[in-house]
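Only a predicted model underlies this, so the values are computations on that prediction, with no experimental measurement involved. We count ligands from 1, going down the list as the structure has it; atoms in each ligand are counted the same way.
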Amino acid sequence: MLGLMQDYPLLTHTILDHAALNHGEREQVTRSIEGPIRRTTLADIRTRALKVAKALEHEGVRLGDRIATMAWNTDRHVETWFGIMGTGAICHTLNPRLFADQIAYIVNHAEDDIMFVDLTFIPIVEALQDRIATVRKYIVLTDSDHMPATSLPNAVAYEDWIGAVDDDFEWKSFDENTAAALCYTSGTTGNPKGVLYSHRSNVLHGLMGNQPDVFGLTSEDVILAIVPMFHANAWALTYAAPMAGAKFVMPGAGMDGKSIYELLESEKVSHTAAVPTVWLGLLQYLEENDKGLPYLKKIVVGGAACPPMMIRKFELDYGVEMIHAWGMTEMSPIGTTGKLKHATMSLDREAQLKLKEKQGRSPYLVEMKIVDDEGNDLPRDGETFGHLMVRGPAVAKAYFKLDQEILTKDGWFDTSDIATIDPMGYMQITDRDKDVIKSGGEWISSIEIENEAMGCPGVAEAAVIGLPHPKWGERPLLIIIRDAGSDIDKDGVMAYLDGKIAKWWMPDEVVFVDEIPHTATGKIQKMELRKQFKDFKLGD
Ligand code: ADP
């Protein structure tokens, strides 16, 4: 027997309708690409999103067409997102930090029809335009006063383009499983793969993101979304913030410590989210300028392992709750958050800080388990590590236009991460399966060595890779960038690590470099490092 409740499709534009009706006055703030801070409201964003939808319809855009955006987090970018999805077209976010060849591959693979582009990225797109011929029109996210001369075909300033229509548009209606958004994984191995979110998965993921142990936003909160909208949906924030009626603060192109600090202060930001490298920049700025963080309550940090010293600094020196999160593009992306729970309240502060180093627990709508190489379930004992598997309504079941089975027979997705899960449900990433160091038949976690090394005075950044070893198969090489002015050497680092990690985990060599390569989403490029050090010989 079926229930007798209404058939109400979960469509992304219903979020904006709700927000405008119930929180229409709520301010939304952008550091504009042109320079000044721009203030708008949820009601205005909806009105302008309706204009985007109407203008797209005039351009002949239809259900299922791919419309690309290459843009920072701004009010105009939010309007285009909801406008595109509200016509039934698919909003394809492009990551401008990818290599030109990857961007060209992605645009062609997606067959993008129209592209919205920020002023900053015009040179990138101009250099590619002959290779991305499916794009027939470019809408530059600016006004006529700031519109540059450009060779892009049919380029028009956004404000002129939406200025030509009114907001008399009715959102399209369709099945909630209709595709809404497309985001390609960074593609550290092989070509990037397209993750195709549906309206339903986006709405559910937005609700999931607002569970109290995740972002838990309310109408009183002010969230600074530093994590870019092109980085897996800004970790749900583009949906979660308007759902809650929160004040959404968008940093535009200003990702440096000073610009971030200014917004945290001027907008009295209560919540924020970004990858660890952004927080390194902010910490440096705070320390150099002797500043505090009086308004900030919560930082969500993820996308790469958060160094323990960062958790301690923000928690102990600045009084801000640090929440370590893990996820991936294929999961929309939230997988876990490491908020303390009731059972951990009786732990002493040190034990709590240690627990916060773990990537955390899964919220409702993410299921998670670890398995061995044969796919057998492994215990949640906090010790055993295995392949981390997930499933849920906002987890991918296939890649866009790729005829390849990606789930196990019983519907689990292999994250390619190796992890432990403890009896209280806290998961800890040991490594990516490609990065774990296999030494004498046992596994060494490169992340754990990096985490410890990052705490060593004089170390600015640390990366660990496995190199071939004649006796052990693989052994760890520790690669370090020194702090400016520091002369820390191998002996100093080894002495610091001694006793902090198992003896047989101690790196065989320590090398000092000026730069460690990062991916477009802020992760250390281990593959690149392995190439760079392929001729480096470890002795026995
Ligand atoms: P994103 O777009 O969020 O960077 P990707 O799909 O590119 O997602 O990468 C996801 C991978 O990033 C995860 O499978 C994991 O290896 C790594 N990752 C994400 N968050 C963390 C974290 N907090 N600690 C360690 N690794 C992480």
Side-chain angles (χ1 to χ4, degrees), residues 93-98 102 106 181-197 205 209 214 225-237 273-279 299-308 310-311 322-339 355-362 366 368 370 385 387-390 394-396 399 406 413-421 426-436 445-451 454 462-464 518-527:
T93 46
L94 288 166
N95 184 340
R97 297 176 183 145
L98 294 175
Q102 285 179 317
I106 289 172
L182 179 62
C183 180
Y184 282 70
T185 59
S186 319
T188 32
T189 50
N191 279 325
K193 297 188 277 288
V195 180
L196 191 60
Y197 308 109
H205 188 254
V214 188
I226 305 173
V227 52
M229 289 162 68
F230 57 73
H231 187 181
N233 299 311
W235 300 352
L237 291 173
V275 295
T277 39
V278 167
W279 302 125
I299 291 180
V300 176
V301 55
C306 177
M310 190 177 281
I311 295 174
M322 280 298 265
I323 300 201
H324 196 180
W326 162 87
M328 61 196 314
T329 308
E330 286 88 338
M331 300 182 72
S332 297
I334 299 169
T336 59
T337 50
K339 196 168 164 65
L355 189 63
K356 278 174 170 268
E357 292 173 15
K358 298 193 177 191
Q359 278 75 4
R361 298 175 278 114
S362 49
V366 174
M368 175 171 88
I370 46 173
F385 39 91
H387 303 275
L388 183 60
M389 316 289 288
V390 291
V395 178
Y399 291 111
I406 64 168
F413 174 78
D414 184 345
T415 63
S416 298
D417 284 321
I418 305 293
T420 60
I421 306 178
Y426 288 83
M427 181 276 288
Q428 184 159 31
I429 299 279
T430 308
D431 245 320
R432 277 302 291 186
D433 56 10
K434 295 180 293 291
D435 298 334
V436 73
S445 160
S446 65
I447 292 184
E448 211 167 314
I449 307 177
E450 284 160 12
N451 278 347
M454 288 285 286
V464 171
H518 286 89
T519 66
T521 51
K523 298 184 223 316
I524 296 173
Q525 266 182 321
K526 298 267 171 106
M527 238 181 23

Protein heavy atom at shortest distance from [atom]:
atom                    : answer
atom 4 (O) of ligand 1  : Lys523 NZ, 2.4 Å
atom 24 (N) of ligand 1 : Gln359 NE2, 2.9 Å
atom 5 (P) of ligand 1  : Thr329 OG1, 3.7 Å
atom 11 (C) of ligand 1 : Arg432 NH1, 3.0 Å
atom 7 (O) of ligand 1  : Ser186 OG, 3.3 Å
atom 1 (P) of ligand 1  : His231 NE2, 2.9 Å
atom 18 (N) of ligand 1 : Gly303 O, 3.4 Å

query = Any N or O on Ala305 sitting closer than 3.5 Å to an N or O of ligand 1?
reply =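 Among all N and O atoms of Ala305, at least one is under 3.5 Å from an N or O of ligand 1.
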ask   = Under 3.5 Å, is there a donor-acceptor pair between the side chain of Asp417 and the main chain of Leu388?
value =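 Absent.
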request  = Would you check if the side chain of Ser332 reaches a backbone N or O of Ala394 as a donor-acceptor pair within less than 3.5 Å?
outcome  =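 Between the backbone of Ala394 and the side chain of Ser332 there is a qualifying donor-acceptor contact (under 3.5 Å).
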message = Quick check on contacts: which atoms of ligand 1 are under 4.0 angstrom from a heavy atom of Gly327?
response =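 Per the distance check, 10 (C), 11 (C), 13 (C), 19 (C), 20 (N).
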query = Numbering the atoms of ligand 1 from 1, which are under 4.0 Å from a heavy atom of Ala325?
reply =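 Once the distances to Ala325 are compared, the set is 20 (N), 22 (C), 23 (N).
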What pair of heavy atoms forms the shortest contact from [X] to [Y], and how long is it?
X      : Y      : result
Cys306 : His324 : N-NE2, 3.1 Å
Ile370 : Thr420 : CD1-CA, 4.3 Å
Thr93  : Met229 : CG2-O, 3.8 Å
Phe230 : Leu94  : CB-O, 3.4 Å

key: Asp417, portion touching ligand 1 at heavy-atom distance under 4.0 Å   =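 The answer is the side chain.
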ask   = Should the proximity of Ala304 to ligand 1, defined as any heavy atom under 4.0 Å, be assigned to the side chain, the backbone, both, or neither?
value =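 The backbone, only.
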His387 side, atom NE2; Ile418 side, atom CD1 - distance, nearest 0.5 Å =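 His387 atom NE2 to Ile418 atom CD1 measures 4.5 Å (nearest 0.5 Å).
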request  = Using the test ring pair (Phe, Tyr, Trp, His ring centres under 6.0 Å), find all partners of Phe385 that sit at least two apart in sequence or belong to another chain.
outcome  =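 Phe385 satisfies ring pair (Phe, Tyr, Trp, His ring centres under 6.0 Å) with Trp443 only.
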